[in-house]
Amino acid sequence: VNGPLAPKIEPGAIAKHGPMDYVSRFLFGAGISLGAGLIGMKFGPLVGGVFLGFPAILPASLTLIEKNEGRQEAAIDSEGAILGAIALVVYAVVVVVTVSALGVVASLLVALVAWLGVAVVLYFAAVLVLRREPSPP
Amino acid sequence: VVAFAMLGDVLKPKMFAGLFGAAPSVATASLLVGGLAMGAAKDEKYATGMIAGAVGLVVYSAAAALAVKHLGSMLGSIIAWVAWIVPAAAVYLVFLR
């Protein structure tokens with residue numbers, strides 16, 4: 001994949017964001033992690049686990065993207081999140097299959113690599129099929 | 001969480017950066033702390049439940065793309081939470097309970 005759809009890093013983009021942008025997302029994340037733990041203690045780990053897929057950080061990110069880059073960019077970011085979420089299903093399955101055999105740390109490392117691999121492959125597959133970044137629906 | 005958020009901010013194009021909006025940041029932190037404290041068997045159950053939540057996140061992201069375009073990010077992403085609850089609950093009730 002070449003041209004405008006080739007992934008690249010723009011470190012300068014960090015400067016567009018203030019510390020509070022990251023603090024807010026950290027707090028959203030910490031809140032949902034705590035919430036999932038409390039729900040797990042009350043209703044069992046299966047129910048608590050459902051909330052590990054809760055969209056806590058994405059709404060905060062979309063709001064920031066709309067503020068800095070516009071509504072269209074926020075909608076396109078959401079489309080990328082569809083692919084990331086499909087990879088998140090794979091991540092969870094990998095943990096289920098490997099955590100007893102490999103232990104917690106190794107299983108999570110394998111699952112993270114699997115998430116990244118699946119997400120990137122899905123992105124390139126989507127780009128190859130669409131031949132462009134999709135317009136928001 | 002912050003590391004994944006920063007990655008999403010510096011990566012281009014936007015659709016590629018969007019992958020990191022669904023990164024397993026909260027899940028990894030929760031499963032790491034919970035697993036080390038309570039054991040691998042507990043993590044296995046949390047991750048099993050997480051499959052339902054992640055399926056919900058797929059539908060949420062698709063709904064958010066539509067809703068954000070027409071309603072703005074704040075209202076759109078909040079309304080899209082309905083699109084997370086329904087499939088997540090359905091997968092949990094049908095396959096996991």
Side-chain angles (χ1 to χ4, degrees), chain A residues 4-5 7-11 13-14 17 22 25-26 29 32-33 36 45-59 61-63 66 71 73-86 88-89 91-93 95-96 99-100 103-104 108 112 115 119 123 133 136-137, chain B residues 1-2 5-6 8-32 34-36 40-58 60-62 64-66 68-69 72-74 77-78 81 84 88 92 96-97:
Chain A
L5 294 174
K8 49 188 168 287
I9 297 176
E10 290 183 3
I14 286 278
H17 302 276
Y22 296 106
R25 282 182 275 186
F26 175 79
I32 199 63
S33 180
L46 273 181
V47 179
V50 175
F51 286 85
L52 294 182
F54 185 79
I57 298 171
L58 192 54
S61 296
L62 294 177
T63 308
E66 184 182 39
R71 188 177 286 189
E73 291 295 294
I76 292 172
D77 190 88
S78 253
E79 290 173 343
I82 299 171
L83 307 179
I86 294 170
L88 196 66
V89 177
Y91 170 96
V93 170
V95 175
V96 171
V99 72
S100 291
V104 172
L108 291 176
L112 273 172
W115 175 82
Y123 172 77
E133 196 165 54
Chain B
V1 169
V2 172
M6 284 180 163
D9 289 339
V10 298
L11 289 170
K12 297 285 174 190
K14 209 70 219 162
M15 187 176 166
F16 186 73
L19 297 176
F20 291 85
S25 52
V26 172
T28 301
S30 300
L31 292 171
L32 183 61
L36 292 177
K42 194 73 101 178
D43 260 9
E44 191 176 321
K45 288 192 172 173
Y46 270 99
T48 303
M50 186 185 158
I51 294 170
V55 169
L57 191 59
V58 175
Y60 171 91
S61 303
L66 190 67
V68 165
K69 169 72 178 169
S73 59
M74 182 68 81
S77 56
I78 289 171
W81 270 332
W84 177 80
Y92 172 78
L96 304 181
R97 193 169 63 158

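Everything numeric here is computed off the predicted structure, so don't read it as measured data. Letters go in sequence order (proteins before strands), and every chain restarts at 1.
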Trainee: Determine the minimum heavy-atom distance between B:V58 and A:I86, stating which atoms define it.
Mentor: CG2-N, 3.6 Å

Trainee: Can you say whether A:A36 sits under 4.5 Å from chain B via the side chain, the backbone, both, or neither, judging by heavy atoms?
Mentor: backbone

Trainee: Specify the closest pair of heavy atoms between A:E66 and B:G72, including all atoms of both residues, with the distance to one decimal.
Mentor: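 Taking A:E66 first and B:G72 second, the nearest heavy atoms are OE2-CA, 3.5 Å.
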
Trainee: For the pair B:W81 (side chain) and A:F54 (backbone), establish whether a donor and an acceptor sit closer than 3.5 Å, ignoring hydrogens and angles.
Mentor: no

Trainee: Looking at every heavy atom in both B:S61 and A:A85, which two are closest together, and how far apart are they?
Mentor: OG-CB, 4.4 Å

Trainee: Give me the atom names and distance for the closest heavy-atom approach of B:K69 to A:R71.
Mentor: O-CD, 3.2 Å

Trainee: Does the side chain of B:Y46 come within less than 4.5 Å of A:V99's, by heavy atoms?
Mentor: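 Sidechains of B:Y46 and A:V99: no contact.
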
Trainee: Considering only heavy atoms and a distance below 4.5 Å, find which of B:V55, B:L36, B:T48 pairs most often with chain A.
Mentor: B:T48

Trainee: I'd like to know which of B:D9, B:T28, B:L57 tops the heavy-atom pair count under 4.5 Å against chain A.
Mentor: B:D9

Trainee: Could you tell me whether the side chain of A:L5 reaches within less than 4.5 Å of the side chain of B:M15, counting heavy atoms only?
Mentor: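 Result no, sub-4.5 Å side-chain heavy-atom pair not found.
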
Trainee: Examine whether an atom of A:T63 lies under 4.5 Å from a heavy atom of chain B, and if so say whether it belongs to the side chain, the backbone or both; otherwise answer neither.
Mentor: both

Trainee: How many angstroms lie between atom CE of B:M6 and atom CZ of A:R25, to the nearest 0.5 angstrom?
Mentor: 9.0 Å

Trainee: Go through the atoms of B:A23 and report whether side chain, backbone, both or neither lie under 4.5 Å from a heavy atom of chain A.
Mentor: both

Trainee: At their closest point, which heavy atom of B:S77 faces which heavy atom of A:P59, and how far apart are they?
Mentor: OG-CB, 3.6 Å

Trainee: Heavy-atom pairs under 4.5 Å with chain B are the metric here; pick the option from A:G84, A:P45, A:S61, A:A13 that has the most.
Mentor: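 Answer, by heavy-atom pair count under 4.5 Å with chain B: A:P45.
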
Trainee: Please identify, among A:V95, A:L62, A:V96, A:L112, the residue contributing the most non-hydrogen atom pairs under 4.5 Å to chain B.
Mentor: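 Greatest number of close heavy-atom pairs with chain B: A:V96.
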
Trainee: Excluding sequence neighbours, so at least two apart, what forms ring-ring contact (aromatic ring centres under 6.0 Å, His included) with A:W115?
Mentor: B:F20

Trainee: For the candidates A:F51, A:Y22, A:F26, which exhibits the highest count of non-hydrogen atom pairs separated by less than 4.5 Å from chain B?
Mentor: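 When all of A:F51, A:Y22, A:F26 are compared, A:Y22 has the most.
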
Trainee: Please look at A:P55 and chain B and tell me whether the side chain, the backbone, both or neither of the residue comes under 4.5 angstrom of a heavy atom of that chain.
Mentor: both

Trainee: Specify which of A:G103, A:S100, A:S33 makes the most heavy-atom pairs with chain B at under 4.5 Å.
Mentor: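 Heavy-atom pair counts peak at A:S33.
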
Trainee: I'd like to verify something: which residue of B:A27, B:A17, B:A40, B:P24 has the highest number of heavy-atom pairs under 4.5 Å with chain A?
Mentor: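 If we count pairs closer than 4.5 Å to chain A, B:P24 comes out on top.
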
Trainee: Would you compute the distance between atom CG of A:L88 and atom CG of B:L19 and round it to the nearest 0.5 angstrom?
Mentor: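 One gets 12.0 Å once the value is rounded to the nearest 0.5 Å.
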
Trainee: Which pair of heavy atoms, one from A:S78 and one from B:A64, lies closest together, and at what distance?
Mentor: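 Here A:S78 and B:A64 meet closest at OG-CB, 3.4 Å.
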
Trainee: Less than 4.5 Å apart, any side-chain heavy atom of B:F16 and any of A:L83?
Mentor: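 Side-chain contact under 4.5 Å: no.
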
